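Since we're looking at a predicted model, the values are computed, not measured.
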There are 2 protein chains.
Amino acid sequence: MEKDKTISNTTIRRLTKYYRYIEELDLKETSIISSYTLGKMMGISPSLIRQDFNAIGEFGRQGHGYNLDTLKKEIGEFLGINKIHNMIVIGAGNLGQTLANYDGFAKVGFPIKGLFDINPKLIGMKINGIEIIDLDQLNSFIKDNNIDIGILCVRKHCVQQMTDILVDAGIKGIWNFSAIDIDVPDDVKVESVNFSNSLFTLSYLMNDKYTNQKS
Amino acid sequence: MEKDKTISNTTIRRLTKYYRYIEELDLKETSIISSYTLGKMMGISPSLIRQDFNAIGEFGRQGHGYNLDTLKKEIGEFLGINKIHNMIVIGAGNLGQTLANYDGFAKVGFPIKGLFDINPKLIGMKINGIEIIDLDQLNSFIKDNNIDIGILCVRKHCVQQMTDILVDAGIKGIWNFSAIDIDVPDDVKVESVNFSNSLFTLSYLMNDKYTNQKS
DNA sequence: TAGATTGTTAATCGATTAACAATC
DNA sequence: TAGATTGTTAATCGATTAACAATC
């Protein structure tokens with residue numbers, strides 16, 4: 001099924017976009033879509049769309065287009081989002097609690113099972129039905145609850161320390177919302193959401209002198 | 001000062017990273033750094049670093065390296081982050097309040113001046129000293145307070161509607177935290193932080209079958 | 001001066017676009 | 001069948017790396 005060509009990061013990011021877009025479309029009756037139409041709607045060239053889809057399999061029908069259900073299933077399969085990923089949040093501050101309050105992740109198969117903190121005032125509280133637990137329970141909780149993703153929402157002075165704890169506990173995926181980058185072994189995957197980088201990029205785009213650019 | 005070569009998006013993203021990195025370094029006494037050393041620390045090739053820096057100006061000293069202060073100042077200047085950008089948040093829900101509670105943006109010159117919502121229960125409340133205001137006050141508030149960035153934190157069913165309101169009010173930069181993409185005129189710049197895209201990318205990276213990839 | 005490191009051009013590598021034969 | 005659109009190869013474009021002369 002999968003070719004041994006490696007798939008570029010840009011393709012992966014677009015695949016997540018297609019998936020999201022198709023999800024929105026799903027409600028409507030259209031069950032077949034051409035690369036031309038999808039490209040028109042999403043602002044991506046049809047050629048690139050076909051390259052992207054063909055990178056992960058062959059599921060178009062020549063002369064017709066792509067079946068939306070198949071497309072969604074295949075992309076989902078490829079990205080590994082057709083199975084459950086249990087998550088925990090490290091740091092039950094504002095951001096950690098906000099993520100716990102958001103039900104969108106659970107809906108797509110990424111439920112948050114627990115929040116971890118060291119602040120005794122928080123421990124025992126429940127956010128959206130999710131308990132805040134003492135950090136020293138982490139190891140057993142990860143094992144007992146089949147956790148595979150840790151979400152980092154702590155201040156930068158303890159980010160690396162918390163990372164190391166997660167890695168030691170056997171976590172293989174870290175979603176890093178902290179302000180700094182982290183070091184992990186090769187077999188641990190990291191995806192960072194860095195607010196500063198994003199805000200500074202916006203600042204650049206708005207900077208009068210440079211008025212070209214498309215995102 | 002600026003060449004008319006357009007600067008690629010990848011270079012911009014790296015420039016924001018350098019800036020952030022240099023900020024952390026600033027505390028220490030090292031005032032000069034070579035592309036080799038910086039590259040070693042950040043995992044970026046020295047050659048690429050020099051290309052990036054030269055894209056926005058010439059401020060290295062041959063035989064020595066780059067002065068950290070100059071570097072920070074020049075990159076900041078280029079990204080437009082050496083001046084104040086007043087921001088407002090649209091949607092005073094969990095995420096909007098969390099962003100308002102975070103002081104990091106104000107510290108780097110991006111203060112949040114107001115939160116907007118339509119929920120009467122929220123209006124009048126203060127989050128971290130920032131007032132929640134009725135949406136119908138938006139236009140005058142933007143003018144009176146010199147706002148140039150709107151942060152979108154609303155549910156997807158009203159995202160485009162809120163975008164249009166911001167655009168009509170003359171906002172030129174939108175930081176979009178909502179779940180879907182938005183349409184704006186060419187002169188309005190958008191930077192999106194899409195949690196789903198990010199989470200799905202992490203999912204892919206962890207997907208056993210495909211164990212190559214570096215972020 | 002000798003050593004080091006930049007600035008910059010050339011070479012390579014990778015990603016996007018164009019084109020078209022295959023085929024539904 | 002004719003028309004449409006995929007799958008895929010070739011051409012182009014852009015980004016990264018290598019190399020080295022310039023110079024501090």
- Message: If I take atom CG in residue B:N54 and atom C1' in nucleotide C:dT5, what distance separates them, rounded to the nearest angstrom?
- Response: 12 Å

- Message: In this structure, which stretches of DNA chain C are paired as stems of three or more consecutive Watson-Crick or G-U pairs, both distances less than 3.5 Å?
- Response: C:3-24 with D:3-24

- Query: How close or far is atom C1' of D:dG14 from atom CD1 of B:I7, stated in whole angstroms?
  - Reply: 15 Å

- Task: Could you tell me the separation between the CD1 atom of B:I33 and the P atom of C:dT6, rounded to a whole number of Å?
- Result: 10 Å

- Note on the structure: Result for 5'-nearest mapping on DNA chain C, choosing between B:F53 and A:L48, is B:F53

- With a non-hydrogen cut-off below 4.0 angstrom, is A:Y36 in contact with a base, only sugar-phosphate, or nothing? nothing

- Note on the structure: Of the listed D:dT6, C:dT6, D:dA15, the closest approach to the B:S35 side chain comes from C:dT6

- CG on A:L138 to CD1 on A:I88, rounded to 0.5 Å: 4.5 Å

- Query: Could you run down nucleotides 18-24 of chain C 5' to 3' and tag each one B, S or - for protein heavy-atom contact under 4.0 Å?
  - Reply: BBB-BBB

- For the pair made of CD1 in A:I32 and P in D:dT5, what is the distance, rounded to whole Å? 11 Å

- Note on the structure: The answer to which of B:F59 and A:R14 contacts DNA chain C further toward the 5' end, by nearest nucleotide, is B:F59

List the atom pairs, with distances to 0.1 Å, where a side-chain N or O of residues 142-156 of chain B and a protein N or O form a donor-acceptor pair under 3.5 Å, not counting sequence neighbours.
unit_1	atom_1	unit_2	atom_2	d
B:N145	ND2	B:F141	O	2.9
B:D148	OD1	B:N86	N	3.3
B:K156	NZ	A:E24	OE2	3.0

- Can you sort out the partners of A:F177 under ring pair (Phe, Tyr, Trp, His ring centres under 6.0 Å), two or more places apart, ordered by chain and number? A:W175, B:F195

- Distance, rounded to the nearest Å, where A:I49 contributes CD1 and C:dT17 contributes P: 10 Å

Contacts under 3.5 angstrom, residues 94-101 of chain B side chains, donor-acceptor by atom type, not counting sequence neighbours:
unit_1	atom_1	unit_2	atom_2	d
B:Q97	NE2	B:A92	O	3.0
B:T98	OG1	A:N94	O	3.4
B:T98	OG1	A:T98	OG1	2.4
B:T98	OG1	B:N94	O	2.9
B:N101	ND2	B:Q97	O	3.2

- Item | Distance in angstrom units between B:D52 CG and D:dG14 C1', rounded | 14 Å

- Sorted by first residue and then second, give each salt bridge (charged side-chain N to carboxylate O under 4.0 Å, His left out) pair with at least one member in residues 198-207 of chain A; sequence neighbours left out. none

- Item | Short side-chain donor-acceptor distance under 3.5 Å, A:S192 and A:N194 | no

- Item | CD on B:Q51 to CD1 on B:I56, rounded to 0.5 Å | 13.0 Å

- Message: From CG of A:N9 over to P of D:dT16, roughly how many Å is that when rounded to an integer?
- Response: 12 Å

- Message: Assess, by modelled atom type and distance only, whether the side chains of A:S34 and A:T37 contain a donor and an acceptor separated by less than 3.5 Å.
- Response: yes

- Item | Nearest atoms (heavy-atom pairs only) where A:Y19 meets A:K72 | CE1-O, 3.4 Å

